[in-house]
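A, B, ... follow the sequence lines: proteins, then strands. Residue 1 opens every chain.
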Amino acid sequence: MPAPARSYWLLKSEPEVFGYADLERAGTEAWNGVRNYQARNFLRAMKADDLCLIYHSQARPSGVAGVARVLRAAVPDTLQFDPASPYFDARSTPDQPRWSMVEVAPLAALPRFLPLDELRGLAGLDGLRLLQKGSRLSVMPVSPEHFRVIVAVGGLEAERL
DNA sequence: GCCAACGTTGGC
DNA sequence: GCCAACGTTGGC
């Protein structure tokens, strides 16, 4: 049976807090603390070996910094059970976890960081959610075509990732 | 179920 | 720091 097709995603992160370079240093990281239901549902749709664009938000400039790989499907976000965490959620129980997280590993930094400004000017990105007005989701799907265009302009070949 | 108030996100 | 957009909360 053929492996299910890879899916592609975009993960936002503030580089002052945790950027692509931090992911490379860490080697692997739990992508936790997502507290938006739509974003959570996308996390839950991720499969092992899916690829994620790591997008730096609240940065100067903001833009796509690298590609990460999903190591395994989503599991309950441990922070929701930790009263000391800002991501604690008293409504969550181990039986009924409300929030999810995935484990990701760095795959490749973009040889050319891709600022948001430049993304807006690129052909072939119509419908990319990141570029839609008022889009604030921190986890969102990216079509295979959009993924290929973005990494290509950033200096990577999608087929080799 | 409606909707106003409030909080958060994120570009600039 | 400003502000637009969006999500959540809670009174009714």
(message) Treating primed atoms plus P, OP1 and OP2 as sugar-phosphate and everything else as base, which nucleotides of nucleotides 4-11 of chain B get B, S or - for protein heavy atoms under 4.0 Å?
(response) ---BBBBB
(request) Not counting sequence neighbours, which residues clear side-chain hydrogen bond (donor to acceptor under 3.5 Å, both in side chains) with A:His146? List them please. (result) A:Ser143
Could you tabulate the donor-acceptor pairs under 3.5 Å formed by side-chain atoms of residues 154-161 of chain A, not counting sequence neighbours?
none

(message) Once side chain to side chain donor-acceptor pair (under 3.5 Å) is applied, what residue pairs with a partner in residues 93-105 of chain A remain, sequence neighbours excluded?
(response) A:Thr28-A:Glu103, A:Tyr37-A:Arg98, A:Arg44-A:Ser100, A:Asp89-A:Trp99
(request) Assign A:Arg91 to base, sugar-phosphate, or nothing according to its heavy-atom contacts below 4.0 angstrom with the strands shown. (result) sugar-phosphate
Give the table of side-chain donor-acceptor pairs shorter than 3.5 Å for residues 134-142 of chain A, with sequence neighbours excluded, one pair per line with atom names and distance.
residue: A:Ser135; atom: OG; partner: A:Arg129; partner atom: O; Å: 3.1

(request) List in chain and number order the residues that pass ring pair (Phe, Tyr, Trp, His ring centres under 6.0 Å) with A:Trp31, two or more places apart in sequence or in another chain; answer none if no residue qualifies. (result) none
